[in-house]
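None of these values were measured; they are calculated from a predicted model.
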Amino acid sequence: DTEVTQTPKHLVMGMTNKKSLKCEQHMGHRAMYWYKQKAKKPPELMFVYSYEKLSINESVPSRFSPECPNSSLLNLHLHALQPEDSALYLCASSQEGGLSVEKLFFGSGTQLSVL
Amino acid sequence: GDSVTQMEGPVTLSEEAFLTINCTYTATGYPSLFWYVQYPGEGLQLLLKATKADDKGSNKGFEATYRKETTSFHLEKGSVQVSDSAVYFCALSDDPGGYQKVTFGTGTKLQVIP
């Protein structure tokens, strides 16, 4: 299994809603990532988990709350979002490599619309 | 900090034309370089990579050579197909602490017409 699976594929939510995005991989990768991609822009790193611990938070607003319940799962909890948070949210994983360079495996993303 | 600059698109080519998408980078140290491709409605897929100077990455007819002296990693393909229409991202990565911090360029949209 060489896939990163993200659910849901599409999500529409109001500014007062609470929702969660889910990401799953079964490749034994120990680093998992959330990226945000606005239309016609490159992906921007939000969070990195390494060995289930948060390693990087790129100054993301607290209305985005990541969670890594185990080495295969990564969630992104959403609360009180703004319309400008509408974007494609991409999950990725990579093998912990140390000195070896491994590629990122990306999921196909969740297209989020905040009304 | 690290940065990647790639040519603005869209690039429109006829089928079987030669493709070049320019990419230059700035980085401290010795990064690895990548090209990712994103088809409409999908996530990113690694197209090719090079990990050190003068390495050539290749895949599906696409090639790019890591040029340290010009800090470049231009993407080329000899004969494009309609199915190559997508957005192409040049990227670099260092590997601090055992995870990948990837810096992406702004993307170049390629449109191939029959």
Side-chain angles (χ1 to χ4, degrees), chain A residues 2-7 9-10 21 23 25 27 29-58 68 71 74 87-111, chain B residues 1-11 21 23 25 27 29-53 55 57 59 66 86-111:
Chain A
T2 58
E3 283 191 350
V4 175
T5 304
Q6 289 187 242
T7 56
K9 290 194 180 305
H10 302 275
L21 310 185
C23 175
Q25 58 86 16
M27 295 178 280
H29 289 176
R30 302 312 298 265
M32 296 186 76
Y33 311 73
W34 281 115
Y35 281 84
K36 174 182 177 180
Q37 186 179 21
K38 301 282 279 185
K40 300 183 181 180
K41 298 291 187 184
E44 297 176 358
L45 183 66
M46 300 175 71
F47 302 105
V48 180
Y49 273 82
S50 177
Y51 288 93
E52 300 161 47
K53 294 201 181 325
L54 185 63
S55 298
I56 289 181
N57 176 342
E58 291 285 319
C68 189
S71 60
L74 184 66
L88 180 69
Y89 288 85
L90 294 166
C91 175
S93 70
S94 70
Q95 182 74 40
E96 281 283 79
L99 293 177
S100 64
V101 177
E102 285 290 342
K103 62 182 179 181
L104 290 173
F105 286 76
F106 280 89
S108 56
T110 294
Q111 186 65 55
Chain B
D2 297 346
S3 68
V4 175
T5 303
Q6 58 182 108
M7 59 191 294
E8 291 201 21
V11 173
I21 300 178
C23 171
Y25 68 91
Y30 302 95
S32 295
L33 301 175
F34 306 83
W35 278 100
Y36 282 87
V37 58
Q38 186 174 32
Y39 297 100
E42 298 185 12
L44 279 71
Q45 302 173 27
L46 179 68
L47 181 60
L48 54 85
K49 69 178 183 182
T51 58
K52 61 184 187 298
D55 267 3
N59 185 27
Y66 190 143
V87 179
Y88 292 81
F89 291 95
C90 185
L92 67 82
S93 152
D94 52 30
D95 192 24
Y99 51 78
Q100 295 229 355
K101 188 126 189 319
V102 182
T103 301
F104 289 93
T106 52
T108 301
K109 184 174 182 178
L110 171 66
Q111 297 174 318

Should the heavy atoms of other residues, nucleotides or ligands under 6.0 Å from NZ of A:Lys38 be counted, would the total exceed 12?
yes
Residues at least two apart in sequence or cross-chain that pass side-chain contact (heavy atoms from CB on, under 4.5 Å) with A:Glu44, listed by chain then number, are none
More than 12 heavy atoms of other residues, nucleotides or ligands under 6.0 Å from OH of B:Tyr30: is that the case?
no
Under 4.5 Å between any side-chain heavy atoms of A:Tyr35 and B:Leu44, yes or no?
no
Please determine whether side-chain contact (heavy atoms from CB on, under 4.5 Å) holds for the pair A:Leu45 and B:Val102, giving the CA-CA distance in whole Å, both sets of side-chain angles, and the decisive distance to 0.1 Å.
CA-CA 8 Å; A:Leu45 183 66; B:Val102 182; over 6 Å; no
Region of A:Lys40 in contact with chain B, defined by heavy-atom distances below 4.5 Å:
backbone
Residue set satisfying salt bridge (Lys or Arg N to Asp or Glu O under 4.0 Å) with A:Lys41, at least two apart, ordered chain then number -> none
Reported OH-to-CZ distance for the pair B:Tyr36 and A:Phe106, which is rounded to 0.5 angstrom:
5.5 Å
Between A:Leu90 and B:Gly43, what is the shortest heavy-atom contact and its length?
CD2-CA, 3.9 Å
Tightest non-hydrogen contact, residues B:Gln38 and A:Leu88, listed as NE2-CD2, 3.8 Å
Tell me the closest heavy-atom pair linking A:Pro42 and B:Gly105, and the distance in Å.
CB-O, 2.9 Å
